[in-house]
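One structure is given below, encoded as structure tokens.
Being a predicted model, the structure only gives us computed values, none of them experimental.
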Amino acid sequence: MNYAEHSIHTSKYRGCVLVVDDNDQVRQMLSLALETAGFEVIEAGTQFEARDQLAHTRPDALLLDLQRSSADGLQVLSNSRTRHYLRSVPILFLSVSENDEFRWQALRAGADWFGLRPLGMIELQKRVAALIRNGRPLLKAIAGRNRHRSSAWRRLRPAG
């Protein structure tokens, strides 16, 4: 990988990313792209390794690409969203499948972004950085809606 082609030429990005990919070469490529951009990267090759890593660390984002079985990737995604400490962590889901139904399954299961491989490394760096910086889009929308409701309720409620 050529640094000039696959990096944003800066290490201004910060945060810890757990990269879960069952293909060693792809996992190493994704990790290198993120490390080059300044992220701390933790790797896992299986859902079991990911679970073990999560027992010891709290990443700022998860990058999932489990393709040996699409059901495995969706299951890991769903299981991640049921864990309290991962509910607010952005999850990026990568796939080689162009199937729209699979894409929607991943988004419904809790993915914050669905990327189609092959994927440009600069795009990946920017997506991860944006999700870490801005948080999960759905959570922000819900929080904004709840904040609006509570302020409207205070205006309608009688004083005293």
Side-chain angles (χ1 to χ4, degrees), residues 1-3 5-140 142:
M1 182 180 327
N2 179 320
Y3 179 84
E5 293 173 353
H6 300 287
S7 169
I8 52 176
H9 303 291
T10 182
S11 58
K12 68 178 179 179
Y13 295 135
R14 296 286 180 256
C16 178
V17 182
L18 174 58
V19 176
V20 185
D21 195 311
D22 51 12
N23 181 311
D24 293 340
Q25 291 177 329
V26 173
R27 185 176 63 251
Q28 290 170 0
M29 179 189 64
L30 295 169
S31 295
L32 180 59
L34 294 171
E35 288 170 345
T36 301
F39 296 103
E40 176 187 347
V41 175
I42 302 167
E43 295 184 20
T46 67
Q47 60 182 320
F48 305 110
E49 288 177 18
R51 185 185 62 215
D52 290 345
Q53 291 289 356
L54 289 169
H56 303 289
T57 187
R58 297 294 180 255
D60 299 302
L62 268 66
L63 178 62
L64 298 178
D65 186 0
L66 297 170
Q67 297 304 308
R68 303 245 161 91
S69 166
S70 60
D72 282 350
L74 291 174
Q75 188 63 43
V76 170
L77 180 57
S78 294
N79 289 344
S80 297
R81 284 297 175 224
T82 63
R83 294 194 172 119
H84 177 70
Y85 60 89
L86 291 176
R87 288 186 185 151
S88 63
V89 174
I91 299 178
L92 298 89
F93 194 88
L94 298 181
S95 177
V96 295
S97 175
E98 294 185 39
N99 182 310
D100 284 338
E101 179 56 32
F102 182 67
R103 176 187 181 116
W104 289 114
Q105 286 176 340
L107 293 170
R108 281 193 304 264
D112 295 297
W113 183 75
F114 185 95
L116 189 59
R117 283 195 308 126
L119 176 71
M121 294 301 108
I122 292 174
E123 179 183 0
L124 175 66
Q125 293 167 346
K126 288 181 179 181
R127 291 288 180 172
V128 170
L131 283 168
I132 289 174
R133 182 179 56 249
N134 299 325
R136 293 192 61 210
L138 182 59
L139 284 182
K140 290 184 88 167
I142 291 170

Give the table of side-chain donor-acceptor pairs shorter than 3.5 Å for residues 49-59, with sequence neighbours excluded, one pair per line with atom names and distance.
unit_1	atom_1	unit_2	atom_2	d
E49	OE1	G45	N	2.6
R58	NH1	L54	O	2.4

State which residues pass side chain to side chain donor-acceptor pair (under 3.5 Å) with R117; sequence neighbours excluded, sorted by chain then number.
D65

Name all residues meeting the salt bridge (charged side-chain N to carboxylate O under 4.0 Å, His left out) criterion together with R81; count only those two or more places apart in sequence or in a different chain, and write none if there are none.
D112

Spacing of CZ belonging to F114 relative to CG belonging to L94, to within rounding of 0.5 Å
8.5 Å

When rounded to the nearest 0.5 angstrom, what distance separates CG in N99 from CG in L116?
11.0 Å

Residue of the set I91, L62, L18 for which side chain to side chain contact (heavy atoms under 4.5 Å, CB included) holds with L86
L62

Counting heavy atoms not belonging to F48, are there more than 12 under 6.0 Å from its CZ?
no

What's the shortest heavy-atom distance between A111 and F93, and which atoms?
CB-CB, 3.9 Å

Is there a side-chain contact between P90 and D60, using heavy atoms and a 4.5 Å cut-off?
no

E43: side chain to side chain donor-acceptor pair (under 3.5 Å) partners, not counting sequence neighbours:
R27, S31

Over all atoms of both residues, closest heavy-atom pair of P137 and L131:
CD-CD2, 3.8 Å

For F39 against R14, the heavy-atom pair lying closest together:
CE2-O, 3.7 Å

Looking at N79, is its backbone amide N or carbonyl O close enough to the side chain of T82 to form a donor-acceptor pair, meaning the two atoms are under 3.5 Å apart?
yes

Shortest non-hydrogen contact between A33 and Q125, atoms and distance
O-NE2, 2.7 Å

Side chain to side chain donor-acceptor pair (under 3.5 Å) with R108: which residues, sequence neighbours excluded?
E101

Passes side-chain contact (heavy atoms from CB on, under 4.5 Å), F102 versus L74? Steps please.
CA-CA 9 Å; F102 182 67; L74 291 174; 3.6 Å; yes

Is there a donor-acceptor pair closer than 3.5 Å between any side-chain N or O of D22 and the backbone N or O of T46?
no

Find the distance between CE (M29) and CG (L34) and round it off to the nearest 0.5 Å.
10.0 Å

Rounded distance (nearest 0.5 Å) linking atom CG of L77 with atom CG of L92
10.5 Å

Give the minimum heavy-atom separation between R136 and V89, together with the two atoms involved.
CD-O, 3.6 Å

Member of L30, T36, L32 meeting the side chain to side chain contact (heavy atoms under 4.5 Å, CB included) criterion with M121:
L30

Using the test side chain to side chain donor-acceptor pair (under 3.5 Å), find all partners of R127 that sit at least two apart in sequence or belong to another chain.
none

